[in-house]
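Heavy atoms only: backbone and side chains are in, while hydrogens, waters and symmetry mates are out.
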Amino acid sequence: MITFTSEQLAAWYGAVFWPLVRVLALISVAPLLSHRAVPLRVKVALGVGITLVLVPQVQSPPITDVMTAPGLILLVNNILIGIVIGFAVRLVFAALEIAGELIGLQMGLSFAGFFNPTTGQAQNAVASFMSLLALLMFLAIDGHLLLIHALAESFRLYPVAVGIDLPMGFDRLLRLGGDMFGIALTIALPSLAVMLLTNVVLGVLARVAPQLNVFAVGFPLTMLVGLGTLFMLLPYIEAPLRSALERALSLWTT
């Protein structure tokens, strides 16, 4: 008859529980994995599957001390590590959404904003398009695999059984947030410049030909110019997005 001691069961449960905490924390905030269209059961099943693959490579303490003060500190630490890794990648998606909001605002699409259930906030059409584009490009460059690889590396660089040891300090997090706005301006600036030039031309036409109804002509013209500019700039968005994703996945390991 096979028997198990309580110490053995605690060690086995702990070997799965502690890595699962970090994996689920990452899935809760990471792009694609945290998408609202993905059912909760699928997310949990995916987290358990990733954890079972990582268990042989992770040294975890028993689960018996989870309700003690050191155990709670360990729990919070692993949750924060998973959230920080996913949040670093999520900032890149936020940069593209900000760029879309700026472009849509200059095109006059702020009047056509709608509630996006996938993000839980109001967006205009261009921001929604940029968000979907970022998600597709994330899949195209195997960003989901890079994210899982970064998660596996985090267990080597930041073992489970350590104290509070975040992979990214507050100053580095601020720098990453600043990069988010830099990426957004880099992507949106050409469109903003073209839209500014279009508005200047419309202003000159309004002065030269007062009988011209600027409101009737300007709105469809800015829409056409904005969409045309966005269409021409699409091939050039991939390079800064790829660079930003790679930098976000490697920033916390340096």
Side-chain angles (χ1 to χ4, degrees), residues 26-38 83-151 168 172-196 198 222-252:
L26 173 70
I27 291 177
S28 66
V29 297
L32 180 65
L33 301 178
S34 63
H35 202 280
R36 294 192 177 188
V38 180
I83 289 176
V84 167
I85 297 172
F87 182 70
V89 182
R90 184 67 187 87
L91 284 178
V92 179
F93 282 68
L96 244 68
E97 293 171 4
I98 292 174
E101 288 285 350
L102 292 174
I103 296 173
L105 178 65
Q106 293 300 315
M107 290 173 56
L109 289 176
S110 58
F111 297 102
F114 62 94
F115 179 78
N116 189 345
T118 60
T119 60
Q121 58 185 359
Q123 288 183 331
N124 59 48
V126 179
S128 180
F129 170 74
M130 297 292 276
S131 177
L132 181 60
L133 178 66
L135 185 61
L136 294 176
M137 293 178 66
F138 182 73
L139 292 173
I141 64 175
D142 292 330
H144 55 296
L145 300 180
L146 294 174
L147 186 61
I148 295 176
H149 175 71
L151 174 65
M168 189 182 302
R172 301 176 71 186
L173 193 61
L174 286 179
R175 186 168 71 248
L176 186 60
D179 291 343
M180 175 188 68
F181 290 100
I183 296 168
L185 287 177
T186 300
I187 296 174
L189 198 57
S191 295
L192 297 181
V194 172
M195 298 307 299
L196 177 61
T198 303
T222 53
M223 286 279 294
L224 289 175
V225 172
L227 291 175
T229 305
L230 183 62
F231 175 76
M232 289 187 294
L233 291 176
L234 283 180
Y236 303 98
I237 295 178
E238 186 266 343
L241 178 61
R242 178 190 292 269
S243 176
L245 285 173
E246 293 176 351
R247 187 165 64 251
L249 287 172
S250 62
L251 180 60
W252 61 274

Side chains of [X] and [Y]: closer than 4.5 Å at any heavy-atom pair?
| X | Y | result |
| --- | --- | --- |
| Met107 | Leu227 | yes |
| Met130 | Leu96 | yes |
| Leu230 | Val126 | yes |
| Tyr236 | Ile187 | no |
| Leu102 | Leu185 | yes |
| Met195 | Val225 | yes |
| Leu147 | Leu26 | yes |

Please lay out, stage by stage, how Phe138 and Leu146 fare under the test side-chain contact (heavy atoms from CB on, under 4.5 Å).
CA-CA 10 Å; Phe138 182 73; Leu146 294 174; over 6 Å; no
Could you go through Arg90 and Val29, starting from their C-alpha distance and side-chain angles, then the distance that decides it, and tell me whether this counts as side-chain contact (heavy atoms from CB on, under 4.5 Å)?
CA-CA 7 Å; Arg90 184 67 187 87; Val29 297; 5.9 Å; no
If every non-hydrogen atom of [X] is compared with every non-hydrogen atom of [Y], which pair is closest and at what distance?
| X | Y | result |
| --- | --- | --- |
| Ala95 | Ala184 | O-CB, 3.3 Å |
| Ile98 | Phe181 | CD1-CE2, 4.0 Å |
| Ser191 | Thr229 | OG-CG2, 3.7 Å |

How long is the gap from OG on Ser131 to CG on Leu136, to the nearest 0.5 Å?
9.5 Å
